[in-house]
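Every heavy atom of this structure was used, including side-chain atoms; hydrogens, water molecules and symmetry mates were not. Throughout, residue positions are numbered sequentially from 1 according to the sequence presented.
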Amino acid sequence: MTWDWQVFLNDDGSGRTYLEWMIDAWGWTLAVAGCSWVVSVSLGAIMGTLRTLPNSPVLTRLANIWVELFRNIPLLVQIFLWYFVVPKIFPPLKQLPGFVLVVFALGFFTSARIAEQFRAGIQSLPKGQRYAGMALGFTTAQTYRYVILPMAFRIILPPLTSESMNLLKNSSVAFAVSIAELTMFAMQAQEETSRGIEVYLAVTILYAISAFAVNRVFAFIEKKVQIPGFIVAGGTGGGH
């Protein structure tokens, strides 16, 4: 077996090299993952919080439906639903680029998983935290904003790190609707060059670098926001 890394310097037929194409595809992968992360964390935090609200059965039930709906449908099916079905039902969505529809699909799917993490993080806190906020005269919203959510965020950082890395890897399904990300590049470049080993190895390295970067960023955040003497399961906290 011979290696031919020069293949990345060859013209892909459009005036650019395969290396330039791969870097562009990497950018699309990071864009899909980054935008989906913003959507998923925003919705996940809202839905996870609603599932723990006291005396709000309607909101809690709606949040439960959201979580069960989006986490029980396979991601690839959701991608196809958003790309082919939803625009038929809501014609204005036909004007949106495929990139946005993929972000919605991936963001909503991941939001259901993150909502579970927020719910578990909030419910793991001692009830005294909520009572302390109420004793200070806070409303329910203020108690969540100033007391509960800051603590819950610290608790869920380790699982949120894993979920963020999974989201980056799940972005590869965007190839199914012709988003020019890394997986699509690998499939097309391998067909055109017949150098599958070099192409897939290079793409694997880029995915690994991206995931490692996400891990390091969250590890830095976790270290900065950790409370001295407070242990987070799976985290880097000190002892009690």
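- Residues A189 and T193 come closest through the heavy atom pair O-OG1, 2.7 Å.
- Residues F90 and L93 meet the side-chain proximity criterion, which asks for heavy atoms closer than 4.5 Å.
- Taking a 6.0 Å sphere around CZ of F84, one finds it holds more than 12 heavy atoms contributed by other residues, nucleotides or ligands.
- Between D11 and T17, the closest side-chain pair of non-hydrogen atoms is not below 4.5 Å.
- The hydrophobic cluster containing L9 does not contain V7, counting ILVMFWY residues as joined when their side-chain heavy atoms lie under 4.5 angstrom apart, directly or transitively.
- No side-chain heavy atom of V32 sits under 4.5 Å from any side-chain heavy atom of E181.
- Rounding to the nearest 0.5 Å places CD1 of I148 at 6.5 Å from CD1 of I122.
- In this structure, S42 contributes its side chain and V39 its backbone to no donor-acceptor pair below 3.5 Å.
- Between T60 and L50 the shortest side-chain heavy-atom distance does not fall below 4.5 Å.
- Residues I209 and F220 do not share a hydrophobic cluster, defined by chaining ILVMFWY side chains whose heavy atoms lie under 4.5 Å apart.
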| Are V102 and W82 close enough, and set up right, to give a side-chain contact (heavy atoms from CB on, under 4.5 Å), and what steps lead you there? | CA-CA 7 Å; V102 168; W82 274 96; over 6 Å; no
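- Ring centroid separation for the pair F99 and W28 comes in under the 6.0 Å cut-off.
- Side chain to side chain, W21 and S14 fail the donor-acceptor criterion of an N or O pair below 3.5 Å.
- Under the 4.5 Å side-chain heavy-atom criterion for grouping Ile, Leu, Val, Met, Phe, Trp and Tyr, L149 is connected to V41 within one hydrophobic cluster.
- Annotation: F108 is in aromatic contact with F70 [ring centroid separation under 6.0 Å].
- Within a 6.0 Å radius of CZ in R16, more than 12 heavy atoms belonging to other residues, nucleotides or ligands are found.
- Panel note: side chain R113, backbone F109; no donor-acceptor pair is recorded below 3.5 Å.
- Residue-environment remark: NZ (K94) exceeds the threshold of 12 foreign heavy atoms within 6.0 Å.
- Looking only at distances, no side-chain donor or acceptor of N215 sits under 3.5 Å from a matching main-chain atom of A211.
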| field | Step-by-step side chain to side chain donor-acceptor pair (under 3.5 Å) determination, T110 to W37 | value | CA-CA 8 Å; T110 310; W37 186 88; over 6 Å; no
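- No side-chain heavy atom of I114 sits less than 4.5 Å from a side-chain heavy atom of L43.
- Residue E163 holds its CD atom at 10.0 Å from OG of S111, rounded to the nearest 0.5 Å.
- A donor-acceptor pair is defined here as one N or O able to donate and one able to accept, closer than 3.5 Å; no such pair exists between the side chain of E222 and the backbone of R154.
- Remark: side-chain polar atoms of Q142 are paired, donor with acceptor, to backbone N or O of T139 under 3.5 angstrom.
- To the nearest 0.5 Å, atom CZ of residue R195 and atom OH of residue Y18 are 12.5 Å apart.
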| Checking side-chain contact (heavy atoms from CB on, under 4.5 Å) for the pair V203/W26: CA distance, chi angles, key distance, verdict? | CA-CA 9 Å; V203 167; W26 191 17; over 6 Å; no
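- Taken together through direct or relayed side-chain contacts under 4.5 Å among Ile, Leu, Val, Met, Phe, Trp and Tyr, I156 and F218 form part of one hydrophobic cluster.
- Rounding to the nearest 0.5 angstrom, the gap separating the CZ atom in R119 from the CD atom in Q117 is 10.5 Å.
- Between W5 and W3 the shortest side-chain heavy-atom distance falls below 4.5 Å.
- Here the CG atom belonging to L59 is positioned 11.5 Å from the OG1 atom belonging to T49, to the nearest 0.5 angstrom.
- Residues V100 and L96 approach most closely at CG1-CD1, 4.1 Å, considering heavy atoms.
- Each of I46 and V58 belongs to its own hydrophobic cluster when Ile, Leu, Val, Met, Phe, Trp and Tyr are linked at side-chain heavy-atom distances under 4.5 angstrom.
- Between the side chains of Y207 and S172, no donor-acceptor pair is found at a separation under 3.5 Å.
- By the 4.5 Å heavy-atom criterion applied to side chains, L106 and S171 are counted as neighbours.
- In this structure, CG on L19 lies 9.5 Å from CG on D24, to the nearest 0.5 angstrom.
- The two residues G48 and T52 have their closest heavy-atom pair at O-CG2, 3.5 Å.
- Contact between G98 and I179 at its shortest, heavy atoms only, is C-CD1, 3.8 Å.
- Side chains of R71 and E116 form a contact here, defined as non-hydrogen atoms less than 4.5 Å apart.
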